[in-house]
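Since the structure comes first, as structure tokens, the remarks are kept for the end.
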Amino acid sequence: MNTATDLQSDGLEEAKKAPGQILQAELVEAMDALTRSSLRLFLSGLSAGLDIGFSLFLVAVVQTLGQGSLSEPVLKLLVGMMYSFGFILVVVGRSELFTEQTSLAILPLLSRQASFRMVIRLWGIVYVANLIGAMLFAVLVVIIGPALGVIDVKVFGELSRSIVAHPGWLMGLLSWLVYAGRDTISQILIVFLITSVIGLGHLHHCIVGSVEVLAGVFADPGTTLADYGHFLLWTTAGNALGGVIFVSLLKYGHAHASQYERKSKY
């Protein structure tokens, strides 16, 4: 009896995707981004920078409404959960986010389907577009939030001053896990769980963090452009290195070895 064949015929194998299946899906997605026109990449990156700003909007609203009426632990928990909203918009909306591409775009390079020049081009366009979108949203939220009466302007300063640069690789891992999800609901849940950890643990993200810090720069004299430059340098380095080393290299090595073992068995 061929157990693998029986499982496949019963449809049980699909309950859990093999690493090789996830790798192939990631490679297809990465090659699509790497070969896309510069204009399409820029517009997608700009959309992601704007969309992810809604994380700050909801965080600031909850912080404003909850201060004085909720206990500090409960408020921190709610703020951390609100952090996920912008990421859900980006992932479900299929916009290009730099921190996803730090791991995703490396996979075709490792499999020799793409060149280093193609990867640098993709990173550069998406990174700049994300930052432009983040800056535009920061300007809008500082104006619109207080005008609507849902955000206290001092909250922007409080949020920006609380940010400390922590390198991380969770957003790179997010892309891998999203492909492991079987449907939109499971993918949303994955995004919610991982990005809530980022928010609760203050594992700051260079793009959504840019919205946070730039809003502080625009709204609070205590936050300077030098503070933003320091934040952006270290979070970009941390997100990029974490995505490349802890996700791309390890996951590719694991999935590639898994594929080789399956072929050798059958």
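Only a predicted model underlies this, so the values are computations on that prediction, with no experimental measurement involved. Numbers for residues simply follow the sequence, beginning at 1.
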*Donor-acceptor contact below 3.5 Å, side chain Thr64 vs main chain Asp152*: yes
*Look at the side chain of Ser210 and the backbone N and O of Cys206, then say whether any donor-acceptor pair between them is shorter than 3.5 Å.*
yes
*asked:* On a heavy-atom basis, which atom in Phe98 and which in Val126 lie closest, and how many Å separate them?
replied: N-CG1, 3.5 Å
*With a 4.5 Å limit on heavy-atom distance, are the side chains of Gln63 and Ile151 in contact?*
no
*Just by modelled atom types, is the Gly45 backbone N or O under 3.5 Å from a matching donor or acceptor in the Asn130 side chain?*
yes
*Are Val91 and Val28 in one and the same hydrophobic cluster, where Ile, Leu, Val, Met, Phe, Trp and Tyr link if side-chain heavy atoms are under 4.5 Å apart?*
no
*Can you find a heavy atom in the side chain of Ser55 that is under 4.5 Å from one in the side chain of Glu212?*
no
*Check whether any side-chain heavy atom of Ile143 sits under 4.5 Å from a side-chain heavy atom of Leu140, and report yes or no.*
no
*Quick one: pull up CD1 in Ile88 and CD1 in Ile190 and give me the separation to the nearest 0.5 Å.*
11.5 Å
*When clusters are formed by joining ILVMFWY residues with side-chain heavy atoms under 4.5 Å apart, either directly or through shared neighbours, do Val139 and Val153 land in the same one?*
yes
*Taking atom types as modelled, is there a side-chain donor on Gln67 or Glu158 under 3.5 Å from an acceptor on the other?*
yes
*Restricting to pairs with a member in residues 31-77, which pass ring pair (Phe, Tyr, Trp, His ring centres under 6.0 Å), not counting sequence neighbours?*
Phe54-Phe137
_Min side-chain heavy-atom separation Met118-Trp123 under 4.5 Å_ = no
*More than 12 non-hydrogen atoms from neighbouring residues, nucleotides or ligands closer than 6.0 Å to CG on Leu148, yes or no?*
yes
_Step-by-step side-chain contact (heavy atoms from CB on, under 4.5 Å) determination, Leu58 to Phe85_ = CA-CA 8 Å; Leu58 286 181; Phe85 186 74; 3.5 Å; yes
_Sub-4.5 Å side-chain heavy-atom contact between Val213 and Tyr228_ = yes
*Is the closest side-chain heavy-atom distance between Phe116 and Ile120 below 4.5 Å?*
yes
_Criterion side-chain contact (heavy atoms from CB on, under 4.5 Å) on Tyr127 and Thr236, from CA distance to verdict_ = CA-CA 10 Å; Tyr127 184 67; Thr236 299; 2.8 Å; yes
*Donor-acceptor pair, Ser160 side chain versus Gly157 backbone, under 3.5 Å?*
yes
*Ring centre gap for Phe87 and His205 strictly below 6.0 Å*: yes
*Taking all heavy atoms of Ser111 and all of Leu27, pick out the closest pair and write down the distance.*
OG-CD2, 3.6 Å
